[in-house]
Amino acid sequence: MGSASTKLTEEEIAQLADLTKFDRKEIEKMFKAVMKGNETGFINGEQFAQFINQLGVSDDFIAQILFGVFDQDGDGLVDFKELLVTLSVFVLGTGPPANKIKLIFRVYDINEDGYIYKNEMLKIFNAIFRIKGQVKKAKPKDKESILCLDTHGFQSVEDVVDFIFKKTDANRDEKISLEEFSNACLADKSFMDMMNFFKSTS
């Protein structure tokens, strides 16, 4: 967590635009959505969940998982810069590919032990299928989510997870290391896009 502010200066907007590649309009829109009524300048887990809800997803489990990824120093708070920089890596691919791959890996490594297990991935994709069902029921006027809700033609959560493990678990030890995950992503960008929890434009 860095320094926080309850409003953005012109200089800060310019710096964030240069750092993240989001344009001024996008930055101001997200700042308003996240920081409205926030007098501390920092975002806690509940406020982050509200932000995710504005993006079209009301799922407490997913909000908790994503907040842990965005809260990179683990202090329970995220400032706007931290939020925007992390989001830009997910969506715009700013920085080297390794940065994006590590963030995606952290989403699925729920217990943070450096490996992804089938039970962890099952929990994530169960939530994705659940959210996808919510979106299908949403009214046309509802905002489109920037979260990637594509189930890629798979009919069940188990099918998705089996496919992922066959593709990534090179030594067949029933867990995926960061190295294995990275190798699979670098070898096949479409696979990295599939695993990315956010719709990527890079």
Qualifying residues under side chain to side chain donor-acceptor pair (under 3.5 Å), relative to [X], sequence neighbours excluded:
X: Glu46; value: none
X: Asp60; value: none
X: Ser88; value: Thr94

Closest approach of [X] and [Y], non-hydrogen atoms and distance?
X: Ile62; Y: Ile124; result: CD1-O, 4.4 Å
X: Asp173; Y: Asp169; result: OD1-OD1, 2.9 Å
X: Ile27; Y: Ile13; result: CD1-O, 3.8 Å
X: Glu180; Y: Ile176; result: OE1-CA, 3.4 Å

Q: Mind jotting down which residue pairs meet the ring pair (Phe, Tyr, Trp, His ring centres under 6.0 Å) criterion with at least one end in residues 174-194? Sequence neighbours excluded, please.
A: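 Passing the test, one end in residues 174-194: Phe105-Phe181.
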Q: Walk me through it: do Gln15 and Thr9 pass the test side-chain contact (heavy atoms from CB on, under 4.5 Å)?
A: CA-CA 10 Å; Gln15 289 175 345; Thr9 65; over 6 Å; no
Q: Carefully, step by step, assess Met192 and Leu186 under the rule side-chain contact (heavy atoms from CB on, under 4.5 Å).
A: CA-CA 8 Å; Met192 179 164 64; Leu186 291 174; over 6 Å; no
Q.
Going by salt bridge (charged side-chain N to carboxylate O under 4.0 Å, His left out), name the pairs with one or both residues in residues 117-126, residues two or more places apart or in two chains.
A.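 Passing the test, one end in residues 117-126: Lys118-Asp162, Lys118-Glu174.
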Q | From CA spacing to verdict: side-chain contact (heavy atoms from CB on, under 4.5 Å), Asp18, Lys21 | A | CA-CA 6 Å; Asp18 183 62; Lys21 308 309 177 188; 4.2 Å; yes
**Q.** Qualifying residues under ring-ring contact (aromatic ring centres under 6.0 Å, His included), relative to Phe48, sequence neighbours excluded
**A.**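 Expected list: Phe67, Phe70.
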(Q) List the residues meeting ring-ring contact (aromatic ring centres under 6.0 Å, His included) with Phe61, not counting sequence neighbours, and say none if there are none. (A)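 Once residues adjacent in sequence are excluded, Phe61 has no partner under the ring-ring contact (aromatic ring centres under 6.0 Å, His included) criterion.
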Q.
List the residues meeting side-chain contact (heavy atoms from CB on, under 4.5 Å) with Val85, not counting sequence neighbours, and say none if there are none.
A.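 Scan of Val85 (side-chain contact (heavy atoms from CB on, under 4.5 Å), adjacent residues dropped) gives Leu19, Thr20, Lys81.
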Output the distance between atom [atom1] ([X]) and atom [atom2] ([Y]), rounded to the nearest 0.5 Å.
X: Asn183; Y: Ser177; atom1: CG; atom2: OG; result: 7.5 Å
X: Gln47; Y: Ile52; atom1: CD; atom2: CD1; result: 13.0 Å
X: Asp75; Y: Asn44; atom1: CG; atom2: CG; result: 11.0 Å

Is [Y] close to [X] at the side-chain level, that is, under 4.5 Å between some pair of heavy atoms?
X: Ile164; Y: Met194; result: yes
X: Met30; Y: Phe80; result: yes
X: Ile43; Y: Phe51; result: no

Any residue meeting salt bridge (Lys or Arg N to Asp or Glu O under 4.0 Å) with [X], in chain and number order, not counting sequence neighbours:
X: Lys175; value: none
X: Asp188; value: Lys167
X: Glu28; value: Arg24

**Q.** Polar side chain donor-acceptor pair, Ser190 to Asp193, under 3.5 angstrom
**A.**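 Side chains of Ser190 and Asp193: no pair found under 3.5 Å.
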Q | Residue pairs fulfilling side chain to side chain donor-acceptor pair (under 3.5 Å) with at least one residue in residues 103-116, sequence neighbours excluded | A |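 Sorted result for residues 103-116: Asp113-Tyr117.
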Q: I would like to know whether Phe90 and Val107 meet side-chain contact (heavy atoms from CB on, under 4.5 Å); could you show each step before the answer?
A: CA-CA 11 Å; Phe90 273 122; Val107 172; 4.0 Å; yes
